[in-house]
Amino acid sequence: MLPVVVVHGGAGFVPKERDELSIAGVQEAARRGYAVLKSGGSSMDAVVEAVTSLENNPAFNAGRGSVLNLKGEIEMDALVMDGSTLACGAVSAVKRVANPVCLARLVMDKTSHVCLTAEGACQFAKAMEIPEVTEESLITDYARKRWQDNLCSDSNPVLCQMGKMG
Amino acid sequence: TVGAVAVDVQGNLACATSTGGMLNKMEGRVGDTACIGAGGYADNKIGAVSPTGHGESILKVTLARLILFHMEQGKSPKEASDLALTYMQERVSGLAGAVVVDPKGTWAARFNSRQMAWAAAQQEQLHYGLYKGE
């Protein structure tokens with residue numbers, strides 16, 4: 001079996017000045033994931049390693065660099081799935097966690113549930129001794145500028161979201 | 001949104017997806033990423049998928065599982081992705097992309113959005129792209 005890892009950094013518009021950052025980021029993530037596979041690691045280890053790398057890279061909208069919601073806050077979602085057992089884990093609307101993908105893996109490994117959300121997910125992170133980070137540490141200047149530039153004057157939350165990409 | 005799929009030397013598949021969501025989303029909004037079958041799926045017998053794009057649209061067509069459905073019918077990862085993305089665009093006008101692998105290690109990175117940064121590593125080679133056709 002020839003091991004392989006494939007990563008993405010999101011579908012949508014990448015401004016020209018961020019092209020190189022995005023390409024370099026996905027290359028680094030693929031290299032990291034592939035290194036895990038080459039050393040005999042599992043596909044689950046590889047995808048978590050690759051996604052953690054992307055979450056830590058402020059060029060991407062996950063982990064550090066996440067976009068801001070209407071209130072100017074960060075809420076993150078993540079999932080993992082193991083194709084050998086169909087085991088899976090997910091978190092949604094989680095805050096103050098640097099790597100939601102690692103928390104999703106813990107949901108899969110340490111609970112009998114599939115998804116934990118919001119405050120419950122944050123409490124689970126604490127129970128798992130995942131270090132809490134400040135929200136400020138996850139917010140980049142670029143994310144804050146985009147948020148300020150895109151605040152809708154009519155503040156209708158449905159209209160605000162029309163045409164936007166996840 | 002970011003994501004990854006992989007096949008290891010034992011032939012096991014996995015996927016992971018993570019997102020900060022959508023700019024100016026309502027507080028409490030959850031898109032596809034936390035939903036198994038929409039924001040990701042992996043099954044050793046079929047393949048693994050990590051999608052990205054407009055979360056509500058991805059949820060409506062359960063994009064990850066839809067791609068794997070086409071692979072179950074004998075389509076390649078590339079064909080299956082294109083079929084599912086076209087269906088999604090036609091039915092709910094959503095733009096998206098996905099990275100996909102099958103149990104043999106055949107992979108694809110496909111999207112109908114303007115761009116999607118992607119990279120793949122296999123046999124000591126690194127492939128990557130941002131625009132269509134790369």
Side-chain angles (χ1 to χ4, degrees), chain A residues 1-14 19 22-23 26-27 30-31 33-34 37 42-44 46-48 50-51 54-55 60-62 66-67 69-71 74-84 86 88 90 92-93 100-101 114-115 146 150 157 160-161 164-166, chain B residues 1-34 36 39-44 48 50 52-55 95-97 99 101 105 107 109 111 113-123 126 128 130:
Chain A
M1 177 57 62
L2 292 172
V4 59
V5 60
V6 194
V7 309
H8 69 73
F13 175 64
V14 179
D19 273 15
S22 295
I23 291 292
V26 290
Q27 288 177 329
R31 281 194 198 99
Y34 192 63
L37 295 175
S42 70
S43 54
M44 177 57 66
V47 294
V48 169
V51 170
L54 293 163
E55 286 178 337
F60 301 103
N61 164 28
S66 290
V67 293
N69 66 14
L70 271 175
K71 290 178 69 180
I74 283 180
E75 293 176 319
M76 300 169 289
D77 309 328
L79 71 74
V80 297
M81 186 162 188
D82 181 338
S84 63
L86 303 188
C88 44
S92 65
V101 73
V114 165
C115 184
R146 283 189 69 203
N150 285 276
C160 281
Q161 292 166 30
K164 301 250 177 70
M165 300 293 287
Chain B
T1 305
V2 302
V5 293
V7 186
D8 61 30
V9 290
Q10 295 179 320
N12 290 319
L13 279 62
C15 72
T17 310
S18 179
T19 192
M22 188 169 66
L23 184 61
N24 291 352
K25 65 184 177 183
M26 292 174 71
E27 188 181 15
R29 176 265 189 185
V30 175
D32 63 295
T33 299
I36 308 297
Y41 203 84
D43 184 337
N44 275 13
S50 172
T52 170
H54 186 248
L95 298 178
V99 291
V101 289
W107 59 271
F111 52 100
S113 54
R114 192 167 155 185
Q115 296 152 304
M116 182 179 83
W118 62 269
Q122 188 176 41
Q123 288 186 280
L126 188 65
Y128 59 90
L130 179 62

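These numbers come from a predicted model, not from an experiment. Naming convention: chains lettered A, B, ... in sequence-line order (proteins, then strands); numbering from 1 in each chain. Only heavy atoms go into these numbers, but all of them, side chains included; no hydrogens, no water, no symmetry mates.
- The part of B:Leu126 that comes within reach of chain A is its side chain, from C-beta onward, which places non-hydrogen atoms under 4.5 angstrom from that chain.
- Comparing B:Ala119, B:Ala14, B:Gly105 by heavy-atom pairs within less than 4.5 Å of chain A, the highest count is held by B:Ala119.
- Between chain A and the options B:Val5, B:Val30, B:Val99, B:Asn12, heavy-atom pairs under 4.5 Å are most frequent for B:Val5.
- Here the side chain of B:Thr52 pairs a donor or acceptor atom with the backbone of A:Ala11 at under 3.5 angstrom.
- The distance from atom CG of B:Leu23 to atom CG of A:Leu70, rounded to the nearest 0.5 Å, is 8.5 Å.
- A:Asn69 places no side-chain N or O within 3.5 Å of a backbone atom of B:Glu27 that could act as its donor or acceptor partner.
- For B:Val7, the parts sitting under 4.5 Å from any heavy atom of chain A are the backbone and the side chain alike.
- Per-residue heavy-atom pair counts under 4.5 Å with chain B were compared for A:Val14, A:Val80, A:Ile74, and the maximum is reached by A:Val14.
- Between chain B and the residues A:Ser66, A:Gly9, A:Ala90, the largest count of heavy-atom pairs under 4.5 Å involves A:Gly9.
- In terms of non-hydrogen atom pairs under 4.5 Å with chain B, the most contact-rich of A:Asp77, A:Val101, A:Val26 is A:Asp77.
- Looking only at heavy-atom pairs under 4.5 Å with chain A, the residue among B:Gly40, B:Ala109, B:Ala117, B:Ala120 that has the most is B:Ala117.
- Chain B forms more heavy-atom pairs under 4.5 Å with one residue of A:Ala62, A:Cys88, A:Gly83 than with any other, namely A:Gly83.
- Interface check for chain B: of the options A:Val6, A:Asp82, A:Val5, the most heavy-atom pairs under 4.5 Å are formed by A:Val6.
- Remark: the backbone N or O of A:Gly10 is not paired with any side-chain donor or acceptor of A:Asn61 at under 3.5 angstrom.
- For the residue pair B:Thr17/B:Thr33, the side-chain donor-acceptor check at 3.5 Å is not satisfied.
- Remark: the backbone N or O of A:Glu75 is paired with a side-chain donor or acceptor of B:Lys25 at under 3.5 angstrom.
- With hydrogens and angles ignored, the 3.5 Å screen pairs a side-chain donor or acceptor of B:Asp8 with a backbone N or O of A:Ser43.
- Atoms OG and CG, on B:Ser50 and A:Leu79 in that order, are 7.5 Å from each other to the nearest 0.5 Å.
- Both the backbone and the side chain of A:Leu2 come within contact range of chain B, with heavy atoms under 4.5 Å apart.
- Among A:Lys71, A:Glu55, A:His8, the residue making the largest number of heavy-atom pairs under 4.5 Å with chain B is A:His8.
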